Amino acid sequence: MSAFRCPYNLIIAGVGGQGNVLISQLIARAFIRKGYRAVVGETYGVSQRGGSVMSHVRIVEEGAVGPIIPPGLGDLVLGLEPMETLRILKAYGNPDIHVITNTRPISPVDVIAGNLSYPDLDAIFEAITTLSGKAWTLNASDMAMEMGSSLFTNMIMVGAMLGTGIVPLTMEDFVVILQTYAKPEGFDANRSALQKGFDIIKATE
Amino acid sequence: MPPRHPVTLNEPGRAELLMGNEAIARGALEAGVRVAAAYPGNPSSEIIETLARASDPKRLHVQWSVNEKVALEVAAGASFFGLRALAAMKQNGLNVAYDFLTNLNLCGVKGGLVVVVCDDPGGISSSNEQDTRFMARLTDIPLLEVSGFENARDMVRYAFDLSESTGSVFMVRSVTRISHGRGPVTFGPLPEISGNPRFEPGEAFTPFPILAKHERRHEVLKGLEETFSASPFNTYTGPDDPELIVVTSGIGVLFSEEALDLLEVRDRVGIARMGTTWPLPLTWIGNILEKSTRFLVVEEVDPFIENNLKEFLGGNTRRFGTKTVYGKASGHIPSVGGLAPEHVIGALETLLEVSYEPRPRAYIRLVKEKTSGLVIDRALGFCPGCPHRASFWAIKNALAKDGRKGIVTGDIGCYAMAMWPSGYSVAKTLQAMGSGIGVAAGMGILDTMGKDQPVIAVCGDSTFFHAAIPALVNTRFNTSPFVTIILDNSATAMTGFQPHPGTGMTCMGQSVDPIEVEDICRSIGFAVKTLDPFDLPATEAAVLEALRADRPQVLIFKRTCALLALKETGKAYRMRVDAERCIGEACGCDRYCTRVFKCPGLIWNPETEKAEIDEAICTGCGVCADICPERAIHREILS
């Protein structure tokens with residue numbers, strides 16, 4: 001497993017409407033609170049309308065770095081949707097990259113319309129495993145639905161990221177971020193989602 | 001937006017992650033801005049949203065104006081009374097405000113007046129691609145370009161100071177990658193707000209006498225050539241005699257820095273970062289040009305700096321001798337679209353004859369082999385539960401029943417997607433805000449010349465206030481028979497739900513009487529019919545009836561944006577497909593609900609060969625229950 005070296009390049013991959021932008025901010029803030037500098041780059045504007053959305057979070061110890069990761073230099077993909085995770089690996093993957101991906105697919109409009117089929121999921125997971133240094137998979141969407149809302153998916157994914165131990169952030173670090181920046185009425189549920197993601201990764205390690 | 005954003009706090013030294021647009025707003029606050037106005041437009045909208053959080057009727061007025069021209073006029077009014085003011089807009093917004101700006105430049109300003117223009121290279125959330133820097137040069141106004149987050153804050157402060165000291169409106173240009181990126185910013189102090197607005201006797205702000213005022217513009221720019229040469233926003237790092245210098249601005253700066261590091265060529269190549277790009281900082285750039293013989297210009301979108309450098313070199317051949325400028329004209333940097341780090345890497349590989357490949361060959365082969373056929377495109381579509389899907393469904397069906405091959409003219413907003421399959425590809429023209437109505441007015445008059453295809457113009461509610469009213473008045477005045485449909489979703493949805501005159505709320509949180517679209521249309525003289533697009537049969541019938549009229553018609557489709565409705569009232573229905581009644585492929589409907597209606601909340605299960613509701617995505621709007629021929633989709637009312 002490669003060490004945490006800067007600039008550390010984290011990519012959050014998903015589909016418009018999944019809340020990609022918000023978690024990229026929370027993760028960046030958690031790093032800033034730990035004394036790092038972090039920048040976020042987003043594909044924005046179409047982000048609520050079903051298109052592919054990725055956020056780049058780049059962490060440095062000091063100095064400035066651009067908000068966009070050059071091709072091939074990803075360190076970690078936090079994938080909210082399996083095909084989107086693989087899309088990111090095509091462009092930013094390398095033999096050392098780490099991947100944590102949600103397993104629940106979201107169909108593109110063309111699949112809904114029957115013009116195309118959603119690619120074979122097992123083949124997608126096999127490709128993700130082959131193309132990464134280490135990959136973790138979890139059905140965060142179903143776990144979130146069990147909690148009552150798909151809105152918790154992202155917090156479960158962040159919890160999973162913390163559970164892998166590959167980034168220098170702890171549960172406590174992230175709980176402080178939730179306290180500071182998230183809506184107080186959602187705090188308990190978000191914290192519990194975070195813990196669920198953390199635990200499921202710990203249980204599989 | 002996070003609920004408790006500290007961007008407005010007076011806590012010098014506090015470091016926060018700010019979006020570029022928030023950093024621009026922070027700069028304005030630190031400069032003591034008193035009035036800020038804009039019309040929403042990506043990627044500029046968050047500037048005003050951020051300033052609105054700090055608004056206070058006595059200290060800082062912030063407003064969503066009906067359009068960008070009015071926003072700039074509002075800002076100018078404050079400046080004429082001696083207050084610092086800001087107008088923000090996207091590239092297309094500057095076109096709307098440009099008529100006023102091309103007079104304001106000559107008039108001069110009193111309180112610092114900064115126009116922030118956010119260009120959208122690549123047209124990521126725009127209808128075009130446009131480099132507005134040329135428009136600063138065209139109007140003889142000074143131009144600054146932000147290149148980072150803290151830099152954006154600093155530059156806006158600097159622009160206010162210089163605007164005031166030179167009596168000149170200043171333009172600050174940002175781009176999507178900065179405006180919508182985020183980075184750390186360490187706060188400076190917020191000034192005490194004091195002083196009353198005052199218009200002094202003897203003051204006047206007019207372009208007359210025109211030639212003298214024009215001459216004065218040139219004098220200001222001449223003076224700024226030297227001021228800018230000493231500006232902290234123009235810097236050079238690199239060897240004293242590099243074999244190549246990268247001259248760059250905007251997001252090009254950070255991309256170029258990274259490219260130099262990745263290629264490990266800092267000992268061979270210098271980097272000249274330009275923050276003040278018009279007028280050219282002649283002394284500073286002259287020194288840069290003397291350092292080397294080869295230059296690569298890295299900028300978004302058009303060759304603005306590149307052409308200006310070539311012009312300067314061409315006028316000073318004795319001083320500079322032979323220099324080579326690479327960039328867009330030479331093909332080393334793409335001449336359309338936004339920049340990416342790999343563009344700079346590629347250009348430097350060619351010019352320095354070095355090569356760079358971060359991934360092993362075997363891995364690249366593996367990527368090709370393993371991902372083949374597994375990654376498909378995601379077309380954009382309306383959100384689940386979007387009223388526009390229902391509206392265009394009714395329009396599509398009415399046009400089909402009418403049978404005369406009618407067309408739809410559209411404009412800018414979420415409903416622009418009506419030109420794609422998600423909106424059943426009914427929209428056939430798209431230009432500026434409100435232009436669907438104007439264009440349709442030009443088509444309607446062709447009936448007397450033998451045109452026999454009906455025309456429907458669609459227009460959003462925020463767009464209606466922005467630019468559609470003159471076109472509707474024109475329609476009535478010149479009697480052009482076509483159907484205008486106002487798609488009123490009670491939101492400026494595309495840009496993030498900013499309030500507009502129809503919503504009854506200002507961005508400062510003040511309740512005002514909403515201005516009804518329907519009242520305006522009636523006062524122009526239209527017999528308006530308002531419909532709920534979720535009532536598909538009534539909506540379709542109304543469109544069909546309007547298509548058959550021989551005078552101009554106005555329909556209003558009123559239904560709140562699904563995202564807003566979900567936030568405010570939650571799901572109205574739990575939707576369910578009755579597996580007994582859905583007879584799948586045997587039905588003869590040929591998967592009408594998924595293949596034709598295409599809501600992402602409906603999925604086709606290829607194993608059971610029946611439709612299903614995707615609970616994670618469905619917003620419970622209930623519309624699909626009405627389209628199933630077998631009545632297999634059921635609504636269950638949620639409390």
Side-chain angles (χ1 to χ4, degrees), chain A residues 15-17 22 24-25 28-29 32 37-46 48-52 64-73 83 86-87 89-90 93-95 104 106-114 116-120 123-124 126-127 130-131 141 145 150 180-183, chain B residues 2-4 15-17 42-43 120 124-125 148-149 176-178 180-184 251 254-255 257-258 262 340-342 345 357-360 363 366-367 370-371 373-383 414 417 421-422 563 591 594-596 598-600 602-604 606 615-617:
Chain A
V15 177
L22 188 60
S24 65
Q25 275 182 68
R29 289 204 162 103
I32 288 176
R37 291 174 69 82
V39 295
V40 184
E42 282 154 4
T43 51
Y44 213 76
V46 295
Q48 279 167 339
R49 281 162 273 270
S52 301
V65 66
I68 301 299
I69 299 167
L73 297 182
M83 183 173 73
L86 192 57
R87 192 189 306 279
L89 284 177
K90 274 179 82 169
N94 54 67
R104 191 183 199 283
I106 295 179
S107 293
V109 174
D110 280 316
V111 170
I112 290 169
L116 297 171
S117 302
Y118 193 94
D120 183 61
I124 288 181
E126 199 231 307
T130 312
L131 294 174
S141 297
M145 291 298 281
S150 59
T180 317
Y181 296 102
K183 282 182 189 152
Chain B
R4 282 183 286 164
E16 279 290 339
L17 182 78
N42 287 332
D120 186 19
I124 296 171
S125 48
F149 305 101
T176 302
R177 289 292 179 215
I178 296 168
H180 277 177
R182 287 182 163 83
I251 196 64
L254 288 169
F255 291 170
E257 303 269 12
E258 183 147 20
L262 289 173
E342 54 267 37
I345 293 169
E357 176 50 66
R359 315 200 266 194
Y363 186 86
L366 204 58
V367 166
K370 286 284 170 190
T371 64
L374 292 182
V375 181
I376 57 175
D377 285 346
R378 285 185 189 273
L380 297 184
F382 292 122
C383 302
C414 294
M417 282 185 290
S422 177
L563 296 175
R591 294 178 283 118
T594 53
R595 184 181 58 87
V596 185
K598 294 189 188 74
C599 177
L602 276 164
I603 43 178
W604 183 258
E615 283 280 347
I617 291 174

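Since the structure is predicted, the reported quantities are computational estimates derived from the model, not experimental observations. Numbered from 1 within each chain, the chains take letters A, B, ... in sequence-line order.
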Visitor: Quick check for you: to the nearest 0.5 Å, what is the distance between R182(B) atom CZ and Q25(A) atom CD?
Guide: 3.5 Å
Visitor: Any side-chain heavy atom of I124(B) within less than 4.5 Å of one from E42(A)?
Guide: no
Visitor: Sort E357(B) into side chain, backbone, both or neither according to what part of it lies under 4.5 angstrom from a heavy atom of chain A.
Guide: neither
Visitor: How long is the gap from NZ on K370(B) to NZ on K90(A), to the nearest 0.5 Å?
Guide: 15.0 Å
Visitor: Just verifying a value: how many Å separate R378(B) CZ and S107(A) OG, rounded to the nearest 0.5 Å?
Guide: 7.5 Å
Visitor: So do the side chains of V65(A) and R37(A) get within less than 4.5 Å of each other, counting heavy atoms only?
Guide: no
Visitor: Would you please name every residue forming a salt bridge (charged side-chain N to carboxylate O under 4.0 Å, His left out) with K598(B), sequence neighbours left out?
Guide: none
Visitor: Sort T130(A) into side chain, backbone, both or neither according to what part of it lies under 4.5 angstrom from a heavy atom of chain B.
Guide: both
Visitor: Heavy-atom cut-off 4.5 Å, strictly under: side chain, backbone, both or neither for L374(B) against chain A?
Guide: both
Visitor: Identify which of P70(A), G66(A), S141(A) forms the greatest number of heavy-atom pairs closer than 4.5 Å to chain B.
Guide: P70(A)
Visitor: Measure distances from L73(A) to the heavy atoms of chain B and classify the residue's part below 4.5 Å as side chain, backbone, both or neither.
Guide: side chain
Visitor: Can F149(B) and V40(A) be said to form a side chain to side chain contact (heavy atoms under 4.5 Å, CB included), step by step?
Guide: CA-CA 11 Å; F149(B) 305 101; V40(A) 184; over 6 Å; no
Visitor: I'd like to know which of P184(B), P360(B), P421(B) tops the heavy-atom pair count under 4.5 Å against chain A.
Guide: P184(B)
Visitor: Tell me, side chain or backbone of L116(A) under 4.5 Å from chain B's heavy atoms, or both, or neither?
Guide: side chain
Visitor: In this structure, are over 12 heavy atoms from other groups packed under 6.0 Å from D377(B) atom CG?
Guide: no
Visitor: Pick from A28(A), G114(A), A38(A): which one has the most heavy-atom pairs with chain B under 4.5 Å?
Guide: A38(A)
Visitor: Please state whether the side chain, the backbone, both or neither of I32(A) comes within less than 4.5 Å of a heavy atom of chain B.
Guide: side chain
Visitor: Please classify the contact between V111(A) and chain B as side chain, backbone, both or neither, with a heavy-atom cut-off of under 4.5 Å.
Guide: side chain
Visitor: For S117(A), is it the side chain, the backbone, both, or neither that has a heavy atom closer than 4.5 Å to a heavy atom of chain B?
Guide: backbone
Visitor: For chain A, find which of I251(B), V596(B), T371(B), I617(B) contributes the most heavy-atom pairs closer than 4.5 angstrom.
Guide: T371(B)
Visitor: Say you draw a straight line from OH of Y363(B) to CG of L131(A); how long is it, rounded to the nearest 0.5 Å?
Guide: 4.5 Å
Visitor: In terms of heavy-atom proximity below 4.5 Å to chain A, should E258(B) be classed as side chain, backbone, both, or neither?
Guide: side chain
Visitor: For chain A, find which of V367(B), L366(B), I376(B) contributes the most heavy-atom pairs closer than 4.5 angstrom.
Guide: I376(B)
